[in-house]
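Note that this is a predicted model, so its numbers are computed, not measured.
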Amino acid sequence: MTKQQTLKNSVEIRGIGLHSGCSSIITIEPASENFGIRFQRTDIEKAEEIPALYNKVIDTRNCTCLGTDKQNIVSTIEHIMSVFYILGIDNALVKINNPEIPILDGSGQEFLKILQKEELREQVVSRKFLKIKKTITFADGKGGSVTLQPSDKLHICFDIEFPSKIVGHQNFDKDITPDIFAEQIAPCRTFCEKYQVDYLQSIGLIKGGSLENAVVLDGEKILNPGGFRIPNECVNHKVMDTIGDLYTSGYYILAKVVANKSGHYHNNEILKQLFASKDNYEIK
């Protein structure tokens with residue numbers, strides 16, 4: 001049986017928030033067995049800890065945002081959650097001094113490099129796995145969908161389709177392993193079109209966004225010097241988001257995930273549908 005793990009020591013990570021532009025400092029602290037992943041605001045007096053669970057997700061526009069009320073929120077958790085998942089970090093308390101996890105370089109690569117250097121401590125209790133028993137699907141009626149199928153491992157098949165030839169159709173179809181994650185998923189940055197950047201900035205968002213932490217597309221051009229890091233960077237980034245979002249199930253999911261033009265909203269909705277009936281899954 002695989003045992004649960006936590007960090008042996010606390011680790012601090014600094015950066016800026018993508019949307020807020022604020023300086024963001026997080027401290028990841030070890031936690032006891034069955035604690036799970038939780039976030040806590042240090043800039044709010046006696047702030048309630050927020051479990052990183054699907055039923056605590058209060059917003060899925062542009063990122064995954066957790067919260068207990070309108071003030072006590074933590075957003076953009078998906079990248080660090082995907083790294084927690086792949087490194088096998090079951091239990092940790094993430095303390096943060098503002099509403100947004102630092103974006104770093106827009107990918108999971110920096111989080112992975114930092115946390116790979118940290119020693120993990122094996123705990124007494126066995127890790128819990130969530131095994132899908134029935135195929136379930138959520139579709140938005142606009143072409144976006146995600147399906148969970150029974151499997152003995154996590155496998156993701158993801159398709160995206162963009163009008164621009166520079167992205168066009170991209171597909172990822174692989175088992176999620178530490179090596180695949182490190183080589184093909186973690187380096188992939190968040191991406192958007194320039195017109196989206198202009199709009200989001202006009203309404204006060206992505207104040208911390210730059211070509212240092214996002215891939216910006218302008219028609220058939222990439223504005224970032226050096227272009228894409230890997231050929232299918234866009235779809236692979238969506239895979240990273242999906243891994244992080246699915247970890248808000250509170251378990252290591254054993255499933256084949258088939259996603260098409262989906263995002264944070266779809267990932268949250270499929271978890272709601274999954275947990276709506278105990279006939280859909282078993283905990284091992």
Side-chain angles (χ1 to χ4, degrees), residues 15-24 26 39 41 50 52-54 56-67 69-83 94 96 98-111 138 140 142-146 158 160-164 167 170 185 188-218 222-224 233-248 259-272:
I16 63 168
L18 174 63
H19 294 291
S20 65
C22 296
S23 174
S24 182
I26 63 172
F39 294 83
R41 293 276 297 276
I50 311 172
L53 296 174
Y54 72 99
K56 296 296 182 182
V57 173
I58 61 170
D59 198 346
T60 54
R61 294 170 296 176
N62 305 310
C63 67
T64 295
C65 178
L66 303 171
D69 55 52
K70 291 182 179 180
Q71 182 183 20
N72 188 29
I73 65 170
V74 177
S75 66
T76 323
I77 66 160
E78 56 271 15
H79 301 169
I80 197 168
M81 286 291 290
S82 68
V83 172
V94 183
I96 180 168
N98 70 36
E100 191 173 15
I101 298 294
I103 193 64
L104 301 184
D105 71 343
S107 74
Q109 187 167 248
E110 296 304 313
F111 286 122
F138 173 76
D140 62 10
K142 302 175 183 178
S145 66
V146 60
F158 207 124
I160 62 171
E161 188 81 43
F162 279 74
S164 66
V167 178
Q170 292 187 7
I185 299 172
C188 299
R189 298 158 291 178
T190 190
F191 64 97
C192 58
E193 299 275 1
K194 185 179 182 300
Y195 76 86
Q196 294 174 307
V197 173
D198 295 339
Y199 169 72
L200 290 171
Q201 288 180 336
S202 74
I203 61 173
L205 294 176
I206 60 170
K207 295 176 181 177
S210 73
L211 296 180
E212 299 297 320
N213 54 36
V215 176
V216 181
L217 310 173
D218 187 10
I222 304 175
L223 300 185
N224 304 67
E233 184 166 1
C234 294
V235 72
N236 288 18
H237 180 85
K238 300 282 281 184
V239 170
M240 180 173 66
D241 285 348
T242 299
I243 295 168
D245 286 345
L246 290 180
Y247 199 22
T248 64
N260 184 50
K261 303 178 185 177
S262 58
H264 303 299
Y265 166 70
H266 306 79
N267 298 333
N268 187 242
E269 289 299 316
I270 197 67
L271 290 179
K272 291 177 184 177

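- When side chains are defined from C-beta on, Ile243 counts as touching Ile185, because their heavy atoms get closer than 4.5 Å.
- Side-chain contact check for Glu100 and Thr76: at least one donor-acceptor pair (N or O, by modelled atom type) lies under 3.5 Å.
- Within 6.0 Å of atom CD in Glu161, more than 12 heavy atoms from other residues, nucleotides or ligands are found, so the atom counts as buried in its surroundings.
- Here the side chains of Thr248 and Ile77 are in contact, with some heavy-atom distance below 4.5 Å.
- For Lys238 (side chain) and Ser262 (main-chain N/O), a donor-acceptor pair under 3.5 Å exists by modelled atom type.
- For the pair Arg41 (side chain) and Ile73 (backbone), a donor-acceptor distance under 3.5 Å is present.
- With rounding to the nearest 0.5 Å, the separation of CD in Gln109 from CE in Met240 is 10.0 Å.
- At least one side-chain heavy atom of Asn224 sits less than 4.5 Å from a side-chain heavy atom of Arg189.
- One distance of note links OH of Tyr54 with CD of Glu269; it measures 11.5 Å at 0.5 Å rounding.
- Contact check for Ile222 versus Leu217: side-chain heavy atoms found under the 4.5 Å cut-off.
- Among all heavy-atom pairs drawn from Glu193 and Ser164, the shortest one is OE2-OG, 4.3 Å.
- Ser24 contributes no side-chain N or O that, together with a main-chain N or O of Ile96, makes up a donor-acceptor pair within less than 3.5 Å.
- Looking only at distances, a side-chain donor or acceptor of His266 sits under 3.5 Å from a matching main-chain atom of Gly263.
- No donor-acceptor pair under 3.5 Å is formed between the side chain of Glu110 and the backbone N or O of Leu104.
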Note to self: Working note: Val74 + Val94, criterion side chain to side chain contact (heavy atoms under 4.5 Å, CB included); need CA distance, chi angles, decisive distance, verdict.
What the structure shows: CA-CA 10 Å; Val74 177; Val94 183; over 6 Å; no
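- For the atom pair OG1 of Thr242 and CZ of Phe158, the computed distance is 4.5 Å after rounding to the nearest 0.5 Å.
- Asn98 and Ser23 make their closest contact through ND2-O, 2.7 Å (heavy atoms, listed as atom of the first residue, atom of the second, distance).
- Across every non-hydrogen atom of Asn236 and Cys188, the tightest pair is CB-SG, 3.4 Å.
- Judged by distance alone, the side chain of Glu78 and the main-chain N or O of Thr64 form a donor-acceptor pair under 3.5 Å.
- Within the 4.5 Å cutoff, side-chain heavy atoms of Ile80 are placed close to those of Ile26.
- To the nearest 0.5 Å, atom OG of residue Ser75 and atom CD1 of residue Ile58 are 9.0 Å apart.
- Comment: Asp59 engages Arg61 in a salt bridge, judged by a side-chain N to carboxylate O separation of less than 4.0 angstrom.
- For Asn267 (side chain) and Ile270 (main-chain N/O), no donor-acceptor pair under 3.5 Å exists by modelled atom type.
- In this structure, the side chains of Phe111 and His79 come closer than 4.5 Å at one or more pairs of heavy atoms.
- Scanning all heavy atoms of the two residues, the minimum distance from Gly143 to Asn260 falls at O-ND2, 3.2 Å.
- Taking every heavy atom of both residues into account, Leu66 and Leu53 meet most closely at CD2-O, 3.8 Å.
- Within the 4.5 Å cutoff, no side-chain heavy atoms of Val167 are placed close to those of Phe191.
- Of the inter-residue distances, the one linking Ser107 atom OG with Glu233 atom CD reads 8.0 Å to the nearest 0.5 angstrom.
- The heavy-atom pair separating Leu223 from Leu211 by the smallest distance is O-CD1, 3.6 Å.
- Within the 4.5 Å cutoff, side-chain heavy atoms of Leu271 are placed close to those of Leu246.
- Side-chain N/O atoms of Thr60 and Asn268 include no donor and acceptor closer than 3.5 Å.
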